[in-house]
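Small disclaimer: the values here were computed from a predicted structure and weren't measured.
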Amino acid sequence: MALTAKTLALLLTSIVLGAGGQLLFKHAARIVHAPSQLGIGRWLLEVFTTGSVLAAFACFAVSAVLWLVALRDTPLSVAYPMVALSYIIIFAGSYFLFSEPVTWGKVIGAVLIVAGIIVIGRSA
């Protein structure tokens with residue numbers, strides 16, 4: 001089963017949306033009060049009325065639908081390793097959006113992830 005441009009676009013969009021959802025959750029974690037400050041009931045209300053949390057859920061929902069459509073034409077053994085691209089997206093996003101440190105270990109890990117995706121992609 002060859003990976004078509006349409007299927008690749010669906011997979012990549014799904015992966016980007018999933019990673020975006022994680023970045024939105026990180027943003028929410030930085031602005032939502034701690035449960036110990038509000039009590040669990042008020043904290044849950046704050047969580048589920050915070051725009052970045054709602055946007056993250058929307059990203060995950062659309063991501064899941066696109067993933068489902070893409071899997072109709074793609075072997076899971078080919079599609080799922082591509083999810084590792086989300087690590088690269090989150091690595092970059094955490095640096096640019098949250099000023100998280102970049103270390104040589106993280107860079108080497110990212111290079112190995114990309115190399116692994118290329119190897120799996122070429123064997124498909």
Residue list, side-chain contact (heavy atoms from CB on, under 4.5 Å) with Ile108, at least two apart or on another chain: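 If we apply the side-chain contact (heavy atoms from CB on, under 4.5 Å) test to Ile108, skipping adjacent residues, the hits are Leu112.
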Heavy-atom pair with the smallest gap, counting every atom of Lys26 and Phe98: CG-CE1, 3.5 Å
From CG (Leu85) to CD1 (Ile117), nearest 0.5 Å: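 It is 3.5 Å, given to the nearest 0.5 Å.
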Heavy-atom pair with the smallest gap, counting every atom of Thr49 and Leu45: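 For Thr49 and Leu45, the tightest heavy-atom pair comes out as OG1-O, 2.7 Å.
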Shared hydrophobic cluster for Ile89 and Ile118 (ILVMFWY, side-chain gaps under 4.5 Å): yes
Donor-acceptor contact present, side-chain Thr103 to main-chain Lys106, <3.5 Å: yes
Ile90-Tyr87 co-clustered via ILVMFWY side chain contacts under 4.5 Å: no
Close side-chain approach of Tyr80 and Trp67, heavy atoms under 4.5 Å: yes
Pairs flagged by ring pair (Phe, Tyr, Trp, His ring centres under 6.0 Å) wherever residues 22-41 is involved - sequence neighbours left out: Phe25-Phe57, Phe25-Phe60
Val32 to Trp43 - nearest heavy-atom pair and separation: CG1-NE1, 3.5 Å
Show the atom names and distances, to 0.1 Å, of all donor-acceptor pairs under 3.5 Å that link a side chain in residues 8-24 to residues at least two apart or in another chain.
from	atom 1	to	atom 2	distance (Å)
Thr13	OG1	Ala9	O	2.7
Ser14	OG	Ser63	O	2.9
Ser14	OG	Ser63	OG	3.0

Contacts of type side-chain contact (heavy atoms from CB on, under 4.5 Å), residue Leu68, not counting sequence neighbours: none
Shared hydrophobic cluster for Phe48 and Leu38 (ILVMFWY, side-chain gaps under 4.5 Å):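 Per the 4.5 Å side-chain linkage, Phe48 and Leu38 are co-clustered.
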Those residues that, when tested against Ile88, pass side-chain contact (heavy atoms from CB on, under 4.5 Å) (two or more places apart):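 Here the qualifying residues are Ala110, Ile113, Val114.
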Thr74 side chain to Leu71 backbone, donor-acceptor under 3.5 Å: no
Heavy-atom closest pair, residues Ile31 and Ser52: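 It is CD1-OG, 4.1 Å.
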Ser77 to Ile120 - nearest heavy-atom pair and separation: O-CG2, 4.0 Å
Set of side-chain contact (heavy atoms from CB on, under 4.5 Å) partners for Ala34, sequence neighbours left out: Ser36, Gln37
Verify same cluster id: Tyr95, Leu97 (apolar side-chain graph, 4.5 Å):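 Per the 4.5 Å side-chain linkage, Tyr95 and Leu97 are not co-clustered.
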